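Note that the structure is a prediction, hence the values are computed from the model and not measured. Counting convention: from 1, in listed order, for ligands and their atoms alike.
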Amino acid sequence: MAQPGVLHATPPSLTAADAERLAHELFGVDGPAEPMVSERDQNFRIGGDWVLKVSNPAEDPAVVEMEVAATQHVATVDPGLPVPLPRPALNGSPIAVARVTGAEHRVRLLPLVAGRNPDPAELTSGQLREIGEVTGRLSHALRGFFHPAAGRPILWDQKHLPDLAEHVPLIGDERRRAQVERILERFMERVLPRLPALRAQVIHNDVTLDNLLVGEDGHVSGVIDFGDMAHTALLLDVPATLQSLVRRREDIFAAAAHFLPGYTSIVPLEPDEADLLGDLLAGRMAQTILISVWRTRAYPQNAYITGWEEPAWALLDQLEAAGLDEAGRRLAAMALSAGPGVASGRADDDERLLARRERVLGPALAPLSYRRPLHLVRGSGAWMHDAQGRAYLDAYNNVPVVGHAHPRVAAAIARQAATLNTNTRYLHGAVVELAERLAATMPDGLDTVMFVNSGSEANDLAWRLARAVTGAEGALVTEWAYHGVTAAIDDLSPSEWRAGRQPRTVETFPAPDTFRGAAPAVGDGVAAAVERLAARGVRPALLMVDSLFTSDGIFAAPPGTMEAAIAEARGAGALYVADEVQAGHGRTGEGLWSFTAWDAVPDIVTLGKPMGNGHPIAAVVTRHEIAERLAAETEFFSTFGGNPVACAAALAVLDVIADERLVENASATGAGLRQALTELQPRHRSILDVRGRGLMVGVELPDAEVAARVRDQMRERGVLIGTTRREGNVLKIRPPLCITTEEGEILVERLDEVLGSAAS
Ligand code: PMP
């Protein structure tokens with residue numbers, strides 16, 4: 001073991017009479033001595049006012065000096081913080097030296113703080129928040145403090161967690177042993193390499209309920225025991241305290257929901273720190289367990305040590321039950337979103353916000369979802385929370401593809417934004433790396449990537465490319481397609497055409513409507529559309545398809561149908577553009593790109609919405625010679641397109657999709673969801689059809705009125721879904737790809753209830 005010292009040493013064993021004598025001789029204080037618990041020192045209560053603290057003889061004198069200096073520093077910076085300052089000895093020094101039975105001890109006399117150590121179960125939400133604030137204030141007060149002894153290795157510093165691995169064999173229970181091994185392995189992989197990049201300073205490192213006192217008024221009356229201070233990651237105070245707030249079966253997330261906002265109101269976390277919170281909490285538990293098993297073996301009579309283990313196991317179980325990734329996400333979201341005012345929303349605030357919004361954003365903007373609009377303030381995983389703190393399962397939004405506020409994506413954006421943001425006229429690694437990585441995921445030939453800022457712009461650029469290549473001016477799209485918002489792409493979006501409007505250069509063909517049996521006719525539909533264009537003297541430049549047919553009603557094209565349609569269009573000279581803005585980035589569960597299900601390689605692929613998990617970035621992927629044709633006509637430049645911050649977001653999204661196996665999840669969870677919805681059919685005759693691919697699921701209901709009612713009632717039950725199809729009668733279920741089977745079950749249960757209720 002690397003650590004020298006004090007954890008190995010037996011605590012001092014002075015008698016009460018020794019303590020009384022020392023208090024008298026060194027400090028001039030008299031009173032009966034009563035022993036108090038301590039991990040490695042020996043403490044005595046002297047009368048009603050004082051604590052005599054006799055340090056372990058193995059303790060480095062410099063460490064004792066550091067403790068005193070730190071409390072003095074804290075008292076100077078934040079005089080309101082209740083830290084006990086030592087009473088000077090008769091010789092004027094705050095630290096006296098005494099020889100007892102041959103050993104030399106450092107001795108201090110500290111004021112006895114009024115109050116008691118609170119029990120975790122009794123803490124109110126206000127107290128949890130206050131403990132967060134006190135912990136934050138202490139970190140903040142120590143910001144400018146330094147002492148050379150803070151650099152000593154201390155096992156309670158998580159950067160030394162690997163040193164504790166040698167005690168794993170001391171855990172008797174095989175299952176428990178494996179559990180700690182899992183945590184250690186994850187720690188080595190995910191945490192240890194990132195710790196050196198976190199903010200570091202001297203921290204208290206042990207603001208636990210054992211070292212916090214609460215007075216009769218319920219407020220924190222003392223923070224004691226600076227003996228575990230270390231110069232280490234600032235963040236490590238958080239898991240240390242958080243761990244102690246929860247015992248046995250209490251919910252760690254419920255405690256964190258109050259504690260973290262308290263802490264971050266004083267010390268806002270950086271995204272990287274927030275991202276590691278869950279793992280550091282698990283690490284702290286492993287650390288506690290390993291120190292406990294080892295020290296229990298050495299000092300079986302020390303109840304202070306043996307009491308730690310059980311709660312640590314219970315907490316570890318809780319974290320593993322939630323899933324460490326998910327637990328980390330939830331804690332990170334709490335830590336990052338807890339800025340001032342976040343949870344302050346009230347209904348009348350929403351009313352005022354709505355009125356201001358209507359005044360300033362104008363009537364052309366799409367209306368708010370829901371008659372009673374949702375005012376959402378934060379999100380995590382597949383969940384969003386409104387201003388009143390209510391949680392909603394998000395089964396509607398495909399943009400946050402890896403989950404809301406994903407800490408890795410947020411951290412990547414923050415890191416790059418804090419470094420440099422510029423444009424593609426300068427050489428930068430991120431844009432090149434992203435382009436290379438995207439091209440590597442595409443079929444051979446699709447080797448050129450151009451970046452823009454939205455799906456609409458990507459389709460707009462695809463449209464320019466297709467016209468440059470073909471010299472034609474026409475487009476073929478499905479009957480109720482949506483491809484974007486620019487003037488050109490609005491023409492290619494029949495779902496946006498007001499009645500009667502049809503651009504001269506655009507023709508439509510039916511989507512493969514498997515429910516109504518129209519699928520085989522898609523090829524014929526394209527042939528007919530080509531003829532109608534020809535009758536107007538127009539040749540098609542492209543056929544653009546969203547392969548999930550999201551606005552047409554969500555269909556999985558039967559094998560061969562779209563191949564025939566694409567062949568018809570190509571026969572008429574058109575390029576095939578796969579619009580992956582909806583369906584890409586893993587949604588179909590069949591790989592990253594949905595077009596690969598069909599035996600036809602696109603000429604152009606457009607990417608958008610999920611690409612930056614909400615950060616604007618989009619792209620066109622095509623063949624080099626197609627880009628050359630545009631280059632012959634013009635030069636393409638987009639100020640924001642491919643900027644380093646957006647690229648950092650998009651790279652992080654690709655990483656998370658791979659690391660969290662989200663394509664696999666889309667496949668398995670999507671199939672499970674469709675299966676469960678299909679099983680509802682016998683009970684609910686209004687479910688006419690369940691269909692889709694991966695995590696794009698359509699549920700066909702009799703009419704738009706039923707569908708809108710179901711959608712609205714689902715919201716009342718805390719689940720967000722949408723509706724689609726020209727007739728508006730299909731439920732659109734399109735959650736972030738991190739949605740779990742259990743969360744999918746919540747959706748199905750709520751839908752079962754809503755369809756079973758009289759109103760629908
Ligand atoms: N294509 C498809 C298939 C879409 O669904 C959308 C947006 N819903 C777009 C393009 C346009 O994307 P954006 O709104 O980001 O411009």
Side-chain angles (χ1 to χ4, degrees), residues 364-367 369 394 396-401 450-466 475-497 506 508-509 511-512 542-557 562 576-588 592-595 597-598 602 604-621 638 640-642 646 649-650 653 692-698 721-726 728 730 732-736:
L365 181 65
S369 300
D394 183 2
Y396 180 67
N397 287 287
N398 64 333
V399 170
V401 63
M450 300 165 81
F451 292 103
V452 285
N453 308 288
S454 68
S456 303
E457 278 184 71
N459 285 336
D460 198 276
L461 179 56
W463 179 224
R464 288 176 71 180
L465 288 165
L476 299 162
V477 291
T478 51
E479 282 171 350
W480 202 247
Y482 181 78
H483 291 293
V485 77
T486 67
I489 301 303
D490 190 64
D491 278 358
L492 273 56
S493 299
S495 61
E496 300 305 291
W497 297 345
V506 182
T508 66
F509 59 94
L542 61 69
L543 168 102
M544 184 177 279
V545 207
D546 159 16
S547 41
L548 284 171
F549 306 96
T550 315
S551 9
D552 287 281
I554 306 176
F555 301 105
M562 290 313 296
Y576 160 36
V577 179
D579 177 345
E580 293 280 338
V581 173
Q582 278 283 346
H585 282 87
R587 179 149 302 273
T588 58
L592 277 180
W593 314 120
S594 65
F595 66 76
W598 305 338
I604 302 173
V605 181
T606 57
L607 316 178
K609 294 173 88 169
M611 192 169 172
N613 207 46
H615 197 88
I617 177 159
V620 169
V621 188
S638 161
F640 291 140
V653 167
R693 286 164 67 188
L695 279 170
M696 174 71 87
V697 181
I721 57 173
T723 56
T724 185
R725 193 160 176 260
R726 185 202 299 256
V730 173
K732 178 162 68 175
I733 299 173
R734 185 185 54 176

Within ligand 1, which atoms have a heavy atom of [X] less than 4.0 Å away?
X: N459; answer: 1 (N), 10 (C)
X: H483; answer: 1 (N), 9 (C), 10 (C), 11 (C)
X: S454; answer: 15 (O), 16 (O)
X: D579; answer: 1 (N), 2 (C), 3 (C), 10 (C)
X: Q582; answer: 3 (C), 4 (C), 5 (O), 8 (N)

Checklist outcome for this item: Closest heavy-atom pair, P494 versus T478, reported as atoms and distance to 0.1 Å, is CG-O, 3.3 Å
Checking the side chain of [X] only, and the main-chain atoms of [Y] only, is there a donor and an acceptor separated by less than 3.5 Å?
X: D579; Y: V581; result: yes
X: S456; Y: T486; result: no
X: R734; Y: M696; result: no

Checklist entry - What protein heavy atom is closest to atom 8 (N) of ligand 1, reported as residue, atom name and distance in Å? => result K609 NZ, 3.1 Å
Checklist entry - In the protein, which heavy atom is nearest to atom 15 (O) of ligand 1, and how far is it? => result G455 N, 3.1 Å
Next on the checklist: Is it the case that the side chains of N453 and S638 hold a donor-acceptor pair, with the cut-off being a distance below 3.5 Å and no angle test?
Outcome noted: yes
Item to check | Donor-acceptor side-chain pairing of S594 and E580 below 3.5 angstrom | outcome: yes
Checklist entry - What about S456: any of its N or O atoms under 3.5 Å from an N or O on ligand 1? => result yes
